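Fair warning: this is a prediction, and the values are worked out from it, not measured in the lab. Note that ligands are numbered from 1 as they come in the structure, with each ligand's atoms numbered from 1 the same way. Hydrogens, waters and symmetry mates are skipped; everything else that's a heavy atom, side chains included, is used. Just so you know, residue 1 is the first one in the sequence shown, and it goes up from there.
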Amino acid sequence: MKDETKLVTAGRDPESNLGIVNPPVYHASTVLYPTLDALDQSRKRREGGERGVYYGRMGTPTTFSLEDMVCEVEGGDRCMVYPSGLAAIVAALMSFLKAGDHVLMVDSVYGPTRRFCDTLAKRIDVSTTFYDPTIGAGIADLIQDNTRVVYVEAPGSQTFVMQDIPAITKAAHAKGCTVIMDNTWASPLFCKPFELGVDVSVQAGTKYIVGHSDVMIGTASATAAAWPELEVTSRMLGHTAGPDDVYLAQRGMRTLSVRMNQHWKNGLIVAEWLREQEDVIECVMHPALPNDPGHQLWKRDFKGASGLFGTTLKPCPRVALAALIDGLQLFGMGASWGGYESLVLPQDPNAGRTVTPWPYEGQCLRFHIGLEDPEDLIADLDAGFNRLRAAM
Ligand SMILES: *Cc1c(COP(=O)(O)O)cnc(C)c1O
């Protein structure tokens, strides 16, 4: 079956639910057992690692519905749901690390993931080496005897640098390392991490899976080999996501394909227009643009692009930047992305980076292109850049 069909059919069982199309929202902590035998059998199944309804924290059919959808589309063997994307990232890292271990972390990683390495990981005596996202097979030279995890995120946060994931997973596996990928940018639809050799793939479901800027949720999918460690640690961390949020995430998945294809199309139209504003814009970072340094890798390994990309402005005074941003009518300013609406956010790629400093002085702006008509978005931006030019 094709992905579009899987998004409609996966994780649904109307026959066991009065014919109702969508899964029920189970609010549960206690699960009752009618007899001693039933309790014993349930405990045996649980100890054997079988997925089931044992206690609210272990999930309900609502949770299983989302897990199954993400697995079927992203390609993992099993999936776990978390209360946020960051919870999924930290659980995935903790699953494969112990005191004395070493992590290879991409330098362009999502900020809070870097902070995990700089704080909590250090506290449990796990060391980190940050590496250049474009390192490719050269990662082999950085793998130490105690390296257990190689972490990738493509394209990376803020500057959207692509990574040669198959080359990295090959080198990592040759030395027995587990590869964890943050696959949020592409969503489960536009990148298939397990086909590229990744062992665990994390989604900030908060972004495109939910798609409406109203839920925090995360997922981690794993190969059959990586699953037991991921599951044991995640359960010990006590993660559980609320049933209403899980329900909204599985509902968001149903329309993932139509939304993603529109974000891709709209994003490229706006990115191409921005690239033409050469008097005020230094560069546009978007791997689906043909002249982007990561374009060939994107074309080889990805099935589409999301609506998130970056630009760097030519240096301008703060008052000109404010004139551009404060007057925008259709672009909100704030954290997160992946909803139906467009966003713009000033960012500093150099905050935290240690091996790949960003060379430009001008302000970086991250754009999320929503589902509005791109002509309206461009008109809004055009007026904004005219305000910026007037304030220079
Ligand atoms: C937002 C984001 C996360 C974290 O997700 P939350 O649900 O906000 O915790 C992780 N990775 C990337 C790339 C993100 O953009």
Side-chain angles (χ1 to χ4, degrees), residues 66 70 74 79-94 105-117 119-120 130 133 151-163 165 180-191 193 198 200-221 234 237 239-242 244-246 248-249 252-253 260 263 267 285-287 294 302 305-310 332-339 341-349 351-353 364-370:
L66 176 60
V70 172
E74 197 168 34
C79 170
M80 177 86 77
V81 174
Y82 302 82
S84 74
L86 184 59
I89 289 167
V90 171
L93 282 162
M94 294 289 282
M105 178 61 67
V106 63
D107 202 32
S108 50
V109 73
Y110 176 64
T113 310
R114 172 182 284 274
R115 281 198 286 288
F116 166 82
C117 295
T119 56
L120 231 164
F130 292 95
Y151 191 101
V152 298
E153 179 182 323
S157 280
Q158 302 198 30
T159 51
F160 303 91
V161 178
M162 285 297 298
Q163 294 197 258
I165 295 167
I180 302 173
M181 175 174 186
D182 185 329
N183 189 33
T184 304
W185 184 85
S187 88
L189 195 64
F190 284 162
C191 175
V198 166
V200 176
S201 173
V202 174
Q203 287 285 337
T206 308
K207 312 288 167 52
Y208 284 123
I209 289 179
V210 167
H212 295 72
S213 307
D214 52 3
V215 172
M216 304 294 303
I217 208 154
T219 66
S221 309
S234 300
L237 289 169
H239 287 311
T240 189
D244 293 314
D245 289 346
V246 173
L248 287 171
M253 284 285 282
M260 290 306 290
H263 285 296
M285 298 90 84
H286 190 319
F302 282 51
S306 73
L308 192 78
F309 61 89
M333 182 165 49
S336 201
W337 44 276
E341 85 289 16
S342 288
L343 296 168
V344 61
L345 191 67
Q347 293 199 311
D348 176 11
R353 283 197 192 176
C364 264
L365 294 178
R366 188 185 74 183
F367 283 98
H368 178 254
I369 303 306

Checking a contact table here: which protein heavy atom is nearest atom 5 (O) of ligand 1, and how many Å away? Ala204 CB, 3.1 Å
Hydrogens and angles aside, do Thr159 and Arg353 bring a side-chain donor and acceptor to less than 3.5 Å of each other? yes
Look only at interatomic distance and state if Met216 has a nitrogen or oxygen under 3.5 Å from any nitrogen or oxygen of ligand 1. no
Taking the six-membered ring for Trp, are Trp337 and Tyr208 parallel (under 30°), tilted (30 to 60°) or perpendicular (over 60°)? perpendicular
Could you tell me whether Trp337 approaches ligand 1 through its side chain, its backbone, both or neither, with non-hydrogen atoms closer than 4.0 Å? side chain
Counting non-hydrogen protein atoms only, what is the nearest one to atom 6 (P) of ligand 1? Give residue, atom name and distance. Gly85 N, 3.4 Å
Measure Val202 to ligand 1 on non-hydrogen atoms and call it side chain, backbone, both or neither using the 4.0 Å cut-off. neither
With no hydrogens and no angle check, is any side-chain donor or acceptor of Arg366 less than 3.5 Å from a backbone partner on Gln347? no
Could an N or O of ligand 1 be found under 3.5 Å from any N or O of Glu153, whether backbone or side chain? no
Got a donor-acceptor contact below 3.5 angstrom from the Thr184 side chain to the Ala204 backbone? yes
Please report which non-hydrogen protein atom sits nearest to atom 15 (O) of ligand 1, along with the residue it belongs to and the distance in Å to one decimal place. Lys207 NZ, 2.7 Å
Determine whether a donor-acceptor pair (N or O, by modelled atom type, separation under 3.5 Å) exists between the side chain of Ser306 and the backbone of Trp185. yes
Using atom types as modelled and distance alone, determine if a side-chain donor or acceptor of Gln163 lies under 3.5 Å from a backbone N or O of Val152. no
Ring pair (Phe, Tyr, Trp, His ring centres under 6.0 Å) assessment of His286 paired with Phe367: CA-CA 10 Å; His286 190 319; Phe367 283 98; over 10 Å; no
Going by the order shown, which atoms of ligand 1 are within less than 4.0 Å of some heavy atom of Leu86? 4 (C), 5 (O), 6 (P), 9 (O)
Could you measure the distance from the CE atom of Met216 to the CG atom of Leu248? Nearest 0.5 Å is fine. 13.5 Å
Among the heavy atoms of Ile89, does any lie under 4.0 Å from an atom of ligand 1? yes
Taking 4.0 Å as the limit for heavy-atom contacts, which would you say applies to Asp182 with ligand 1: side chain only, backbone only, both, or neither? side chain
Atom 7 (O) of ligand 1 has as its nearest protein heavy atom Thr206 OG1, 2.5 Å
